[in-house]
Every structure is written in C-alpha cells, then in structure tokens.
Amino acid sequence: MDVITWILCKKYAKNYTDEQIKIVSKGMTYKGSVASKEDLPLSGNTLGDLYTTTDLGREYVWTLETDSGELSDWQELSKVDLSMFYTKA
C-alpha cells in the first residue's frame with residue numbers, strides 16, 4: 001500500500017469511527033417495523049432512530065443529525081464494509 005492510500009484509509013477510518021461513536025453515544029431508539037428498506041421514512045427522523053424490516057428482519061439506524069435525507073442515510077446494523085482495508089499477503 002502506498003503512502004497516499006494509507007493516509008486516505010486512515011482518514012476514512014477515523015471519520016467512519018467518529019460517526020459510529022456519535023450514533024452509539026446518543027443511543028438508538030426503536031421506532032417500529034416497516035415492510036422493507038424502501039419503506040423506511042425519509043423525513044421526521046432523529047439520529048439513532050431504529051427500524052426493523054419485516055421482509056428480511058434487518059435493522060436500520062438513521063445516521064444523520066438532520067431529520068430528512070435519502071434512503072442511503074439508513075445504515076444496516078449488521079453490515080460493516082471493511083473491504084478497503086483488505087491487503088493481500
């Protein structure tokens with residue numbers, strides 16, 4: 001891994017970790033269930049709002065401090081993508 005890639009990875013990891021800590025430190029509030037991810041509300045949300053989808057039983061948490069956004073602002077709790085940190089031996 002070259003130096004620039006390493007610096008970018010480190011910066012991304014810190015920002016990502018800071019955001020996750022912010023969510024966890026404010027706590028999560030279970031708001032209920034929706035049929036699928038596409039049914040998650042895009043407005044009226046608070047950081048840490050948590051919904052379960054009935055189709056696949058997945059849990060999603062609202063990751064913005066603003067009350068409205070896009071579907072991509074819901075983060076699935078069981079998925080953390082660490083692929084950018086993978087290195088071959």
For Tyr51, which residues count as a ring-ring contact (aromatic ring centres under 6.0 Å, His included) partner, sequence neighbours excluded?
Trp74
Side chain to side chain contact (heavy atoms under 4.5 Å, CB included) partners for Asp39, two or more places apart:
Val34, Ala35, Ser36
If we only count heavy atoms from C-beta on, is the Tyr30 to Thr52 side-chain gap below 4.5 Å?
yes
Minimum heavy-atom separation for Glu70 and Trp62, please, with both atom names.
O-CZ3, 4.0 Å
Partners of Asp55 by side chain to side chain donor-acceptor pair (under 3.5 Å), sequence neighbours excluded?
Thr53
side-chain contact (heavy atoms from CB on, under 4.5 Å) between Met28 and Leu77, worked out:
CA-CA 11 Å; Met28 288 182 264; Leu77 289 182; 4.2 Å; yes
Rounded distance (nearest 0.5 Å) linking atom CG of Leu40 with atom CG of Asp73:
11.0 Å
I'd like to check Leu42 versus Leu71 (side-chain heavy atoms, cut-off strictly below 4.5 Å). Are they in contact?
yes
Are Glu59 and Leu50 close enough that some pair of their side-chain heavy atoms sits under 4.5 Å apart?
yes
Go through the structure and list residues passing side chain to side chain contact (heavy atoms under 4.5 Å, CB included) with Thr66, not counting sequence neighbours.
Leu64
